[in-house]
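Order of the sequence lines sets the chain letters (A, B, ...), proteins ahead of strands, with each chain counted from 1. Every heavy atom of this structure was used, including side-chain atoms; hydrogens, water molecules and symmetry mates were not.
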Amino acid sequence: MEQIITRFPPSPTGYLHVGGARTALFNWLYARHTKGKFVLRIEDTDVARSTQASTDAILEALEWLGIDWDEGPYFQSQRSAIYSEYIEKLLSSGQAYYCTCSRDALDAMRQKALEAGGKPKYDGICRNKGLSKSDDAVVRFKAPAAGSTIIKDVVKGNIVIPNAEMDDFIIQRSDGIPTYNLAVVVDDITMGINTVIRGDDHVNNTPKQILLYQALDAPLPTFGHVPMVLGKDRARLSKRHGAMSVTAYRDMGYLPDAFLNYLVRLGWSYGDQEFFTKDELIAKFTLENIGRSPGIFDTDKLLALNAEHIRKSPPAVIAHHLVPFLKQSGCDAGEDEFTQAVIQTLSVRSKTLVEMADGALFYYDGKITYDNKAAKKFLKPVIVEPLNLLIKALEASDSFDEPSLEDAFKTVMNTTGMKLGKIAQPVRVALTGKTVSPGIFEMLVVLGQAKVIARLKDAVKFIED
RNA sequence: GGUCCCAUCGUCUAGCGGUCAGGACAUCGGCCUCUCACGCCGAAAACACGGGUUCGAUUCCCGUUGGGAUCACCA
């Protein structure tokens with residue numbers, strides 16, 4: 001079988017948003033699954049709205065997601081010679097023509113059609129005028145007025161669109177720049193793209209593109225239109241539903257693999273399986289399992305999945321993503337063994353990296369500042385004696401692993417008659433400043449003998465003052 | 001409005017003619033427990049409606065309703 005070549009063609013008019021990321025992911029996964037190629041193409045024919053900053057932002061987001069490309073990025077703005085060549089082909093074969101209708105005339109035409117209850121389309125008035133090139137002329141494609149065009153869609157099945165729906169659409173603007181439909185088709189032909197997975201919102205111009213393929217005598221790619229992502233109110237996902245930008249999720253402390261996992265499950269399934277590593281996705285992703293109905297973006301589920309990925313990822317991987325957050329909080333952390341040990345105590349109780357970083361700070365702090373309420377409740381004179389006993393026991397101990405720590409605590413429990421719970425909370429506050437933290441013993445081990453004893457002594461002093 | 005798409009628990013979904021309609025998130029109970037989590041056990045929760053086809057429809061067909069998309073010298 002022929003090698004699968006897919007593509008992702010964002011237009012650089014903003015950041016990479018959730019919906020775009022999902023179609024990029026589907027194309028990327030399919031290419032990786034089939035050992036094919038994934039091409040990145042920047043569709044910047046809209047000069048007025050395209051910016052370099054947007055391009056950079058999109059590339060940055062893709063890199064964070066781990067979606068890499070085999071070819072590109074190509075820029076449509078640099079390919080005008082190719083488009084001209086193809087437009088010329090269409091012109092000389094009589095499948096396209098120049099049109100000099102003014103925008104005002106066109107607007108009036110639409111207005112009139114609308115009032116008459118019809119569809120606002122171009123009436124083809126210049127079609128047989130045999131106009132030649134001029135400054136204000138656009139190039140239109142001669143679309144068939146009758147019959148219908150059929151899309152063989154791998155996710156939706158056959159879609160039949162009456163050709164009457166299409167008018168002689170513009171393929172080259174008066175400034176010489178090709179329009180979207182023409183540029184896409186020429187690019188896909190010349191780049192060898194044979195699989196086009198894109199959003200549902202494109203089904204309506206797919207027949208136009210099919211007509212162009214046929215006029216250009218080029219083989220049709222496989223089309224697949226995936227349903228849109230909706231917001232909570234069932235309307236198409238937009239800014240008012242919250243974060244749209246992929247990198248915003250990075251900044252909120254999501255793991256890229258968790259985000260990918262969520263995105264792919266929104267509209268694709270593999271039996272009952274919910275959790276996927278990236279490699280599993282590559283191994284299991286196929287077009288047949290893409291759903292046909294639109295899905296609502298659910299941040300609760302994304303959060304739950306993120307928590308699961310945090311729990312199941314190797315500490316070294318988490319460390320890589322966590323360290324920037326730690327540094328942002330002003331702590332000098334590296335992706336070292338200490339940080340990884342810290343992560344192991346925190347991963348089961350962190351839903352995001354932001355949360356994890358927050359819970360990790362006390363490990364790195366020099367001096368602990370006590371939460372007021374916590375100190376008031378647990379750092380009281382009655383606990384001074386047990387704390388001193390504990391300090392003694394810990395100083396006497398020459399190993400500092402969990403069993404020996406448990407022994408130390410038992411000694412204190414036996415001599416004071418206190419239960420573990422009564423001792424653990426004050427110790428927790430002494431070590432972390434808070435009433436919530438990882439388990440006492442695992443935390444002590446990571447913190448180490450010196451820090452633990454110092455902090456306990458600080459606490460005793462704090463109470464006595 | 002024309003055209004196109006879609007329709008299973010609140011949400012994501014499994015199901016591909018015969019199932020007690022399954023799983024996950026969220027919700028609500030309980031267990032575990034040094035805090036918080038994790039984990040475990042349990043509860044509640046769905047086939048939009050109406051016609052067909054069939055011995056039998058969640059499943060196939062048609063219609064209704066509802067939702068979405070799109071109708072530019074934007075992509």
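Take A:Ala258 and apply the side chain to side chain contact (heavy atoms under 4.5 Å, CB included) test, not counting sequence neighbours, and it matches A:Leu255, A:Asn306, A:His309. For A:Tyr213, there are no ring pair (Phe, Tyr, Trp, His ring centres under 6.0 Å) partners, not counting sequence neighbours. When the salt bridge (charged side-chain N to carboxylate O under 4.0 Å, His left out) test is applied to A:Arg127, the partners found at least two apart in sequence or on another chain are A:Asp168. Residues passing the ring pair (Phe, Tyr, Trp, His ring centres under 6.0 Å) test with A:Tyr262, sequence neighbours excluded: A:Phe297. For A:Asp44, the side-chain hydrogen bond (donor to acceptor under 3.5 Å, both in side chains) test picks out A:Ser77, with sequence neighbours left out. Residues passing the side-chain hydrogen bond (donor to acceptor under 3.5 Å, both in side chains) test with A:Arg265, sequence neighbours excluded: A:Glu274.
Residues in residues 408-432 of chain A take part in these ring-ring contact (aromatic ring centres under 6.0 Å, His included) pairs, two or more places apart or across chains: A:Phe409-A:Phe441. The stretch residues 221-240 of chain A participates, sequence neighbours left out, in no ring-ring contact (aromatic ring centres under 6.0 Å, His included) pair at all. Under the ring-ring contact (aromatic ring centres under 6.0 Å, His included) criterion, the residue pairs touching residues 158-184 of chain A are A:Phe141-A:Phe169, A:Tyr180-A:His202, with sequence neighbours excluded.
A salt bridge does not link A:Arg140 with A:Asp167: none of the charged nitrogens is closer than 4.0 Å to a carboxylate oxygen. The pair A:Lys312-A:Glu280 fails the salt-bridge criterion, with no side-chain N (NZ, NE, NH1 or NH2) lying under 4.0 Å from an Asp/Glu carboxylate O. Between A:Arg7 and A:Asp187, no side-chain nitrogen of the basic residue sits less than 4.0 Å from a carboxylate oxygen of the acidic one, so the salt-bridge criterion is not met.
Shown here, B:rU54 forms no base pair; nothing in the strands shown gives a Watson-Crick or G-U wobble contact with both key distances under 3.5 Å. In this structure B:rC32 sits in no base pair that meets the Watson-Crick or G-U test at under 3.5 Å. A 3.5 Å limit on both hydrogen-bonding distances identifies B:rU65 as the Watson-Crick or G-U partner of B:rA7. Pairing partner, B:rA37: none, since no Watson-Crick or wobble contact has both distances short of 3.5 Å.
Taking atom C1' on both B:rA26 and B:rC20, the two are 25 Å apart, rounded to the nearest angstrom. Here the separation of B:rG22 from B:rU8, taken at their C1' atoms, is 11 Å to the nearest Å. Comparing the same atom, P, in B:rA24 and in B:rA14 gives a spacing of 15 Å after rounding to whole Å. Comparing the same atom, C1', in B:rU70 and in B:rG52 gives a spacing of 33 Å after rounding to whole Å. Of the C1' atoms belonging to B:rC9 and B:rC47, the separation is 10 Å, rounded to the nearest Å. Rounded to the nearest Å, the gap between the P atom of B:rU19 and that of B:rC36 is 46 Å. With P as the reference atom, B:rC25 and B:rC40 are 9 Å apart, rounded to whole Å. B:rG15 and B:rA57: their C1' atoms are spaced 13 Å apart (whole Å).
Outside the 6.0 Å centre-distance limit, the rings of A:Tyr254 and A:Phe259 are not counted as a close aromatic pair.
Rounded to a whole Å, the CH2 atom of A:Trp268 is 11 Å from the P atom of B:rA14. The distance from atom CG of A:Asn289 to atom C1' of B:rC12 is 15 Å, rounded to the nearest whole Å. Per the geometry, CD belonging to A:Gln273 stands 15 Å off C1' belonging to B:rC12, to the nearest Å. Between A:Ile290 atom CD1 and B:rC12 atom P the separation is 17 Å, expressed in whole Å. Taking atom CZ of residue A:Arg292 and atom C1' of nucleotide B:rC6, one finds them 10 Å apart after rounding to whole Å. Remark: P of B:rA26 and CD1 of A:Ile296 are 17 Å apart, rounded to the nearest angstrom. Atom CG in A:Asn163 sits roughly 14 Å away from atom C1' in B:rC4 (whole-Å rounding). Taking atom NZ on A:Lys301 and atom C1' on B:rA24, their separation rounds to 4 Å, with Å as the unit.
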Sugar-phosphate atoms are those with a prime plus P, OP1 and OP2; base atoms are the rest. Using that split, label each nucleotide of nucleotides 29-40 of chain B B, S or - for protein heavy atoms under 4.0 Å, 5' to 3'.
-----BBBBSS-
Can you give one letter per nucleotide of nucleotides 62-75 of chain B, 5' to 3': B if a protein heavy atom sits under 4.0 Å from the base, S if only from the sugar-phosphate, - if neither?
------SSSBSBBB
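For the segment residues 148-159 of chain A, the set of residues with a heavy atom within less than 4.0 Å of an atom of RNA chain B comprises A:Lys156, A:Ile159, in numerical order.
For A:Gly295 and A:Pro162, each mapped to the nucleotide of RNA chain B holding its nearest heavy atom, the one lying further toward the 5' end belongs to A:Pro162. Between A:Arg265 and A:Glu274, the residue whose closest nucleotide on RNA chain B is further toward the 5' end is A:Arg265.
Backbone-only contact: A:Gly267 has heavy atoms under 4.0 Å from sugar-phosphate atoms and none from a base.
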